[in-house]
There are 2 protein chains.
Amino acid sequence: MSLPALRKSDRTRQAILTAARDHFAMRGYDRASIRAIAAQASIDPSLVIRYFTSKEQLFAAAVDVDLRLPELSSIQKTRRGRALIEHFIARWEGELSDDVLTLLLRSAATNEQAAERLRDVFCEQVVGTLREVVPPEELNRRAGLIASQLLGLALTRYLLRLPGLAERPAGEVIDDIAPTIQRYLAGDL
Amino acid sequence: MSLPALRKSDRTRQAILTAARDHFAMRGYDRASIRAIAAQASIDPSLVIRYFTSKEQLFAAAVDVDLRLPELSSIQKTRRGRALIEHFIARWEGELSDDVLTLLLRSAATNEQAAERLRDVFCEQVVGTLREVVPPEELNRRAGLIASQLLGLALTRYLLRLPGLAERPAGEVIDDIAPTIQRYLAGDL
DNA sequence: AACTAAAGTCAACAATCGTTGACTTTTAGG
DNA sequence: CCTAAAAGTCAACGATTGTTGACTTTAGTT
């Protein structure tokens, strides 16, 4: 066999990435140490460097995120706002959830590299999703407003765990915020 | 004179605090070093510890923040949402601005102590401001929603500098978001 | 079985960090 | 002027960090 030779290294490569996402999400970029990541992946710290060259590049590899926003054009006009926030919340706490989002948001506050990455995700995926249903001249404006509410929700509910938000069932929060998103998306401004 | 003896130490104490806020706001808790703070205050690093015992306590002292939210009861009912966001934005970029807010928000994402502090500020000041104009049983719900939008705006506009928000004049952003705050404050939910 | 490249280990490096204790300088009061 | 406390300096500690190079083990091919 010639392929399985690669397989072994790919498995530990994946183990490193998983452990890295875990630590970066929990502790942030600075407090997450390569030694702790290596320990969770049950390997030597130096191997982490051999696989990813540096901590910075490991982070870059760990932070590759897809928001999986729905295609808006196939949804009824008046339901699109609700669809957006439903998907967004499912991405954080539903079956679509993983900790890459926590990792990215948490790190973006202190790490310029992560902030840059988050801006890219925003531009490509949020603006990209709106492009098909929003006139070009309003695109940036509406996308920015939507991002401010969605990321604000993620920040207060999942990172800060503000009592007024973290304790409430997801369904209630969706009901409250959906009209806001709908207005930012297609309402009068 | 018996007082001036205290004066000298109070001045360097203040210099340390100013430098600390500067560094904490720019680089976050972990990347801000006591050595760099001391250098900016033109003193020895050990003095910082002598004044504040530890980095943690220095941070706690630096992060004492007052949102200065307006008294809502003296404002016309339909204008209260706009008044809230106007004050909030003035606090970040107007003449009321200082970098304690940046420092607190940036650090709260990775530092549990800062997150705790931000929760306290939220509970005491935001909930406190709404208490006089919102029925008790809706208090937490409406306060949480408002916090999600205000902090989301601060995050995207001032920390992440998302193109759709950071580039626009403050007045436009206020116009767009005021109705949202007004609805969260007093509208049907 | 022998050989070779990949995969993994081990120990150490240089740098940075918060913190400490001994020491010196400044300042205020009798 | 003398003295004692306050204010400030200096050098070093122990710990942790990312990263490196030499070494050993594993596994696939001839």
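Throughout, protein chains are lettered first and strands after them, A, B, ... in sequence-line order, and every chain is numbered starting at 1. Only this structure's heavy atoms are used, side chains among them; waters, hydrogens and symmetry mates stay out.
The structure places CD1 of Ile89(A) at 6.5 Å from CD1 of Ile177(A), a figure rounded to the nearest 0.5 Å. The distance from the OG1 atom of Thr129(B) to the NE2 atom of His87(B) is 10.0 Å, given to the nearest 0.5 Å.
In this structure, the nucleotide among dT20(C), dG8(D), dT19(D) sitting nearest to the side chain of Ser46(B) is dT20(C). Distances were taken from every side-chain heavy atom of Ile43(A) (C-beta onward) to each of dT9(C), dG18(D), dT19(C); the shortest belongs to dT9(C). Between dG8(C), dT20(C), dT19(D), one nucleotide has an atom nearer to the side chain of Arg50(A) than all others, and that is dG8(C). For Ser33(A), counting side-chain heavy atoms from C-beta on, the closest listed nucleotide (dC17(C), dT17(D), dG8(C)) is dT17(D).
Put simply, CD1 on Ile34(A) is 13 Å from C1' on dT16(D), counting in whole angstrom units. Across the protein-nucleic acid pair, Phe52(A) atom CZ and dG8(C) atom P stand 12 Å apart, rounded to whole Å. To the nearest angstrom, C1' of dC23(D) lies 12 Å from CG of Asp44(A). Rounded to an integer number of Å, the gap from Arg27(A) CZ to dT16(D) C1' is 12 Å. In this structure, Arg31(A) atom CZ and dG18(C) atom P are separated by 11 Å, rounded to whole Å. Taking atom OH of Tyr51(A) as the reference point, atom C1' of dA6(C) lies 8 Å away to the nearest angstrom. Separating the CZ atom of Arg11(A) from the P atom of dA7(C) is a distance of 11 Å, rounded to the nearest angstrom. Rounded to whole Å, the distance from CG on Leu47(B) to P on dG21(C) is 15 Å.
Summary for the helix from dA1(C)-dT30(D) to dT16(C)-dA15(D): the axes at its two ends, each from 5 pairs, differ by 20° when rounded to the nearest 10 degrees.
Between Ser42(B) and Lys55(A), it is Ser42(B) whose nearest contact on DNA chain D lies nearer the 5' terminus.
Applying the side-chain contact (heavy atoms from CB on, under 4.5 Å) criterion to Arg13(A), with sequence neighbours excluded, gives Asp10(A), Tyr51(A), Phe52(A).
Residue-environment remark: CD (Glu71(B)) stays at or below the threshold of 12 foreign heavy atoms within 6.0 Å. Within 6.0 Å of CZ on Arg27(B) lie no more than 12 heavy atoms contributed by other residues, nucleotides or ligands.
Residue contacts for Ala32(A): at a heavy-atom cut-off of 4.0 Å it reaches the sugar-phosphate backbone alone, with no base atom in range.
At least one side-chain heavy atom of Leu130(B) sits under 4.5 Å from a side-chain heavy atom of Leu84(B).
Within the 4.0 Å cut-off from OP1 or OP2 of dG8(D), at least one side-chain nitrogen or oxygen of Thr12(B) is found.
Classification of the Tyr158(B)-Trp92(B) ring pair by plane angle, with boundaries at 30° and 60°, yields parallel.
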